[in-house]
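Working notes, structure below.
If you're wondering where the values come from, they're calculated on a predicted model, not measured in any experiment. Values below: every heavy atom of this structure, side chains too, minus hydrogens, waters and symmetry copies.
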Amino acid sequence: PDKADADTIGCGLFAYITNKGVVKNLHITNAASVNAPTCKRIGILSGTNRGTIINCSVTHSSLYSKSTTSQQGYISAYNTGTIANCYTTNCEMTVNGSSGMAGGIAGFATGNILNCYAYHNSYPTLKSSSFTGGIVGQSHKTTSLAISNCCAYHDTEYSSNVFGGI
């Protein structure tokens, strides 16, 4: 995508999932996502999710960001919709610029994340990353936000200003 699109839509298998969009029963393995230098939201499955992602997974995959980005997540970089019954395992995230938010499920979320888990993911080179989380890098309290019945375990983080399990 061009710079305007990459700033607001994102990069991933699905750049943008609309509020009526549904992605279900999709399992991605051995994928690599490398962003364009101008992409601000980078995910393996989606750059931006405003719809519903259900029963999906990302395993044995890597996410590599070449430059400064805002959000990175294996399922979705930026989530304002719903992510349910999803998981990520044995993935690695490398950011060679500064990163705002990085998470095992979503980099940033104001939408719902339900019944998800992240297992044995690593974040070896998150240079100047502000927020890193096993499930979500950063979330903002909204009336629609719910992170419920989720867990992250055996994750490895090397360099982040703030790191949390969830």
Side-chain angles (χ1 to χ4, degrees), residues 1-89 91 93 95 97 99-118 121 123 129-152 166:
D2 64 28
K3 184 176 183 345
D5 289 337
D7 282 349
T8 57
I9 293 175
C11 303
L13 179 61
F14 299 99
Y16 187 89
I17 300 169
T18 67
N19 60 349
K20 293 181 181 180
V22 177
V23 176
K24 64 181 180 177
N25 303 322
L26 178 62
H27 303 284
I28 300 170
T29 190
N30 295 320
S33 182
V34 178
N35 79 309
T38 59
C39 190
K40 300 297 182 189
R41 298 174 180 169
I42 178 172
I44 297 288
L45 197 147
S46 77
T48 297
N49 175 48
R50 297 193 188 282
T52 302
I53 299 173
I54 189 165
N55 298 328
C56 295
S57 66
V58 175
T59 62
H60 301 281
S61 297
S62 60
L63 192 150
Y64 177 79
S65 177
K66 294 180 179 181
S67 62
T68 301
T69 58
S70 295
Q71 298 95 20
Q72 305 81 34
Y74 297 118
I75 299 293
S76 183
Y78 187 89
N79 178 58
T80 60
T82 297
I83 298 173
N85 305 325
C86 295
Y87 66 91
T88 62
T89 62
C91 294
M93 187 178 299
V95 178
S99 168
M101 296 145 253
I105 299 295
F108 174 82
T110 59
N112 297 319
I113 298 180
L114 311 168
N115 307 316
C116 294
Y117 72 88
N121 296 314
Y123 310 88
S129 179
S130 297
F131 302 97
T132 305
I135 298 296
V136 176
Q138 184 178 23
S139 64
H140 287 219
K141 184 178 180 182
T142 66
T143 56
S144 64
L145 172 67
I147 299 172
S148 178
N149 200 32
C150 295
C151 68
I166 296 296

| query | Given Leu13 and Leu26, is the side-chain contact (heavy atoms from CB on, under 4.5 Å) satisfied, shown in steps? | reply | CA-CA 11 Å; Leu13 179 61; Leu26 178 62; 3.8 Å; yes
| query | Does the pair Ile113 and Cys150 meet the rule for a side-chain contact (heavy atoms from CB on, under 4.5 Å), with working shown? | reply | CA-CA 8 Å; Ile113 298 180; Cys150 295; 3.9 Å; yes
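The two residues Asn30 and Ser61 make their nearest non-hydrogen contact at N-OG, 3.5 Å. In plain terms, the two heavy atoms of Gly104 and Tyr74 that are nearest each other are O-CD1, 3.2 Å. Gly10 and Ala15 make their closest contact through O-CB, 3.4 Å (heavy atoms, listed as atom of the first residue, atom of the second, distance). A pairwise comparison of heavy atoms in Thr48 and Ser76 identifies C-OG, 4.0 Å as the closest pair. Heavy atoms only, all atoms of each residue included: Gly107 and Val136 are closest at O-CG1, 4.2 Å. Shortest non-hydrogen contact noted between Ala77 and Gly47 is CB-O, 3.3 Å.
Using modelled atom types, one finds no donor on one side chain facing an acceptor on the other under 3.5 Å when comparing Arg50 with Thr18. Side-chain atoms of Thr59 and Thr29 include a donor-acceptor pair closer than 3.5 Å. Checked by atom type, the side-chain pair His27/Ser57 shows a donor-acceptor distance below 3.5 Å.
Judged as a ring-ring contact (aromatic ring centres under 6.0 Å, His included), and not counting sequence neighbours, Phe14 has no contacts.
For the pair Tyr78 and Met101, the minimum side-chain heavy-atom distance is 4.5 Å or more.
Between the side chain of Asn112 and the backbone N or O of Ala146, at least one donor-acceptor pair lies under 3.5 Å.
In this structure, the separation between CG on Leu45 and CD1 on Ile28 is 4.0 Å, given to the nearest 0.5 Å. To the nearest 0.5 Å, the span separating CG on Asn79 from OG1 on Thr110 amounts to 7.0 Å. In this structure, CG in Asn115 is found 9.0 Å from CD1 in Ile54, a value given to the nearest 0.5 Å. Separating the CD1 atom in Ile135 from the CD1 atom in Ile147 is a distance of 8.0 Å, to the nearest 0.5 Å. We find the CG-CG distance between Asn49 and Asn19 to be 10.0 Å, quoted to the nearest 0.5 Å.
The only member of Asn121, Leu63, Ile44 that meets side chain to side chain contact (heavy atoms under 4.5 Å, CB included) when paired with Met93 is Leu63.
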